[in-house]
2 protein chains.
Amino acid sequence: MPGDRSITEAERLAEAKLGGIPIRREQMAAVANIYRAASAVRQHLENSVLRSSDLTWTAFVVLWVVWVWGESETRHVAEEAGISKGTLTGVARTLESRGLLRRIGHPTDGRLVLLSLTDKGEDFMQRVFPAFNEEEAFVTAQLSSAECRGLAEGLRRVVLQVEEHGEERRRALLDGAEPAPRRSGRRPRA
Amino acid sequence: MPGDRSITEAERLAEAKLGGIPIRREQMAAVANIYRAASAVRQHLENSVLRSSDLTWTAFVVLWVVWVWGESETRHVAEEAGISKGTLTGVARTLESRGLLRRIGHPTDGRLVLLSLTDKGEDFMQRVFPAFNEEEAFVTAQLSSAECRGLAEGLRRVVLQVEEHGEERRRALLDGAEPAPRRSGRRPRA
DNA sequence: GTCCGATCATTTGGAACCAAATTCTATGGC
DNA sequence: GCCATAGAATTTGGTTCCAAATGATCGGAC
């Protein structure tokens, strides 16, 4: 079991390594565990309900977003699902080819594309979501309902902080400096 | 600001959509927010400190793991970083080519490869980690230290639950059924 | 009516990523 | 000593994802 030992061990070691430097330990632990938990949950769900439905995590999230929000413009779906618009184009095409999703042009604005579930897609979610939710309950089984609420609330505040002040913060950090290009992805033309 | 509105709105809509079906709302909200927070945090860090250091999230995590654990065997690093061994091979090679990481064979067991930071890598982490930690503090700014501890503890329990009971659970769910082939990755030969 | 900037979705190019296959090394029987 | 088995990292083949570039369309200004 690498479990408990490795998590807390890692935190202890990190502190030791930083003996001289003053660091924010609680915040470091919180962030590290957010990412670790997200990976664990995603992997568990991919290997249980999603695998047997032959759906990737991202595809399921997209489906879920359209399901709960109803017919939506793609850019909203991408934002809500936490993926880029380019990725959504591919995922939506896959889901469309599987008959779960419908893509129709906006009636008045020709630039927009609207996504909605087909009847098959609706049936699929009615059938699969309860199984998905069952696994959500499984991974949080060590927490009471109240603790789940507390956890969700704490995480919500993290999301809010980034959504509301993230851009401003990044601007302040760079402070006039170039935005620094990414290494991967299509190269700038010039 | 899609912020506050969209998160709680989404949760409300999901509940409405599931009017008839009994679901575990708290658990659903907890899981949804884990993933949402992880994406937000990763994106913020990639676009601030990591971008200007020309490092991907994964590369930084690998560097961090080797930094805090010291010289380590690759399979342990992969596990700790949450990536496959194959991915680590590529990432390690990139980091080696940039002079931050060293790869040396194990002195007695020729099958093993050990990773450690170069002096340049150590300097790099000494310089960049404080900035990274500063952003960890930023994203959790809406939480007190005690709340961070509570958050980390709750997430730790989720990770533990999956690590300790996940495999068993997945086996019980399939219950004899085929493991269901994955869609991506190299195909089996036969 | 036609340019022109803004705002979409889509295409494109490259890296990240995984799991199977492969290759290399160690070790235990014989 | 030799071979089979096991266990390690790496290679390979494939998908997924992002960000820049592109192409389409809208809405004004003139």
Side-chain angles (χ1 to χ4, degrees), chain A residues 39 42-43 46-47 50-51 54-62 72-79 81-98 101 103-115 178-190, chain B residues 38-39 42-47 50-51 54-62 72-79 81-98 101 103-115 179-190:
Chain A
S39 300
R42 174 172 174 162
Q43 244 181 299
E46 281 183 338
N47 289 329
L50 297 186
R51 185 70 74 89
D54 193 29
L55 232 57
T56 63
W57 172 270
T58 304
F60 182 81
V61 170
V62 167
S72 313
E73 301 171 14
T74 56
R75 67 214 147 106
H76 295 327
V77 175
E79 163 129 24
I83 59 176
S84 72
K85 290 183 301 171
T87 300
L88 178 58
T89 297
V91 172
R93 195 160 29 201
T94 302
L95 289 172
E96 189 180 29
S97 76
R98 292 186 52 187
L101 200 67
R103 286 149 31 108
I104 53 176
H106 192 281
T108 64
D109 191 331
R111 297 169 302 175
L112 303 181
V113 170
L114 298 173
L115 301 182
E178 314 273 303
R182 198 177 196 244
R183 281 189 307 114
S184 87
R186 188 167 180 171
R187 301 290 188 210
R189 192 168 45 83
Chain B
S39 300
R42 176 173 173 161
Q43 246 182 299
H44 174 72
L45 279 158
E46 280 182 338
N47 289 329
L50 297 186
R51 184 70 75 91
D54 192 28
L55 232 55
T56 64
W57 174 271
T58 304
F60 182 82
V61 170
V62 167
S72 313
E73 302 172 13
T74 55
R75 68 213 146 106
H76 294 149
V77 175
E79 161 127 26
I83 60 177
S84 72
K85 289 184 302 171
T87 300
L88 178 58
T89 297
V91 173
R93 197 158 27 203
T94 302
L95 289 172
E96 189 180 29
S97 77
R98 293 187 50 189
L101 199 68
R103 285 147 35 104
I104 53 174
H106 191 282
T108 65
D109 191 333
R111 297 170 302 176
L112 304 181
V113 169
L114 298 173
L115 301 183
R182 77 255 156 273
R183 287 184 311 108
S184 89
R186 184 169 180 171
R187 303 288 190 216
R189 196 163 44 83

Within the 4.0 Å heavy-atom criterion, would you say A:Thr89 contacts the bases, only the backbone, or no part of the nucleic acid? base

Scan B:Leu88 against the nucleic acid and name what it touches under 4.0 Å (heavy atoms): base, sugar-phosphate only, or nothing.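 Contact class for B:Leu88: none.
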
Establish, with yes or no, whether the OP1 or OP2 oxygen of [N] is under 4.0 angstrom from a side-chain nitrogen or oxygen of [X].
{"X": "A:Thr58", "N": "D:dT16", "result": "no"}
{"X": "A:Arg93", "N": "D:dT16", "result": "no"}
{"X": "A:Arg103", "N": "C:dT10", "result": "yes"}
{"X": "A:Thr87", "N": "D:dC17", "result": "no"}

Contacts of A:Gly82 and B:Leu112 projected onto DNA chain D by closest heavy atom; the upstream (5') one is B:Leu112

What are the two closest heavy atoms between A:Glu73 and A:Leu114, and how far apart are they?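 So the two residues come closest at CG-CD2, 3.5 Å.
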
Starting at atom [atom1] of [X], determine the distance to atom [atom2] of [N], rounded to an integer number of angstrom.
{"X": "B:Leu95", "N": "C:dA16", "atom1": "CG", "atom2": "C1'", "answer": "13 Å"}
{"X": "B:Leu115", "N": "D:dA8", "atom1": "CG", "atom2": "C1'", "answer": "13 Å"}
{"X": "B:Leu114", "N": "C:dT25", "atom1": "CG", "atom2": "C1'", "answer": "15 Å"}
{"X": "B:Leu50", "N": "D:dC18", "atom1": "CG", "atom2": "P", "answer": "16 Å"}
{"X": "A:Trp57", "N": "C:dA16", "atom1": "CH2", "atom2": "P", "answer": "23 Å"}
{"X": "B:Lys85", "N": "D:dT10", "atom1": "NZ", "atom2": "P", "answer": "10 Å"}
{"X": "A:Glu96", "N": "C:dT10", "atom1": "CD", "atom2": "C1'", "answer": "13 Å"}
{"X": "B:Leu55", "N": "C:dA15", "atom1": "CG", "atom2": "P", "answer": "15 Å"}

Give the intermediate values and the outcome of side chain to side chain donor-acceptor pair (under 3.5 Å) for residues B:Thr87 and B:Ser84. CA-CA 5 Å; B:Thr87 300; B:Ser84 72; 3.0 Å; yes

How about B:Arg98 and B:Leu95: do any of their side-chain heavy atoms sit closer than 4.5 Å?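 Sidechains of B:Leu95 and B:Arg98: no contact.
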
So, do B:Arg75 and B:Leu112 sit near enough that their side-chain heavy atoms are less than 4.5 Å apart?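 They are in side-chain contact.
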
Would A:Phe60 and A:Thr56 satisfy side-chain contact (heavy atoms from CB on, under 4.5 Å), going step by step from the backbone distance to the final call? CA-CA 6 Å; A:Phe60 182 81; A:Thr56 63; over 6 Å; no

So that I can tick it off, tell me whether B:Glu46 and B:Arg42 are bridged by a salt bridge, with the cut-off set at under 4.0 angstrom between side-chain N and carboxylate O.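 Between B:Glu46 and B:Arg42 there is a salt bridge, with a charged N closer than 4.0 Å to a carboxylate O.
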
Can you give me the N/O atom pairs linking the protein to nucleotides 24-28 of chain D at distances under 3.5 Å, or say none if there are none?
unit_1	atom_1	unit_2	atom_2	d
D:dC26	OP1	A:Gly110	N	2.8

Please determine whether side-chain contact (heavy atoms from CB on, under 4.5 Å) holds for the pair B:Val77 and B:Ile83, giving the CA-CA distance in whole Å, both sets of side-chain angles, and the decisive distance to 0.1 Å. CA-CA 9 Å; B:Val77 175; B:Ile83 60 177; over 6 Å; no

Using the closest heavy atom to pick a nucleotide of DNA chain C for each, name whichever of B:Gly90 or B:Gly86 lands nearer the 5' end.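 In this pair, the answer is B:Gly90.
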
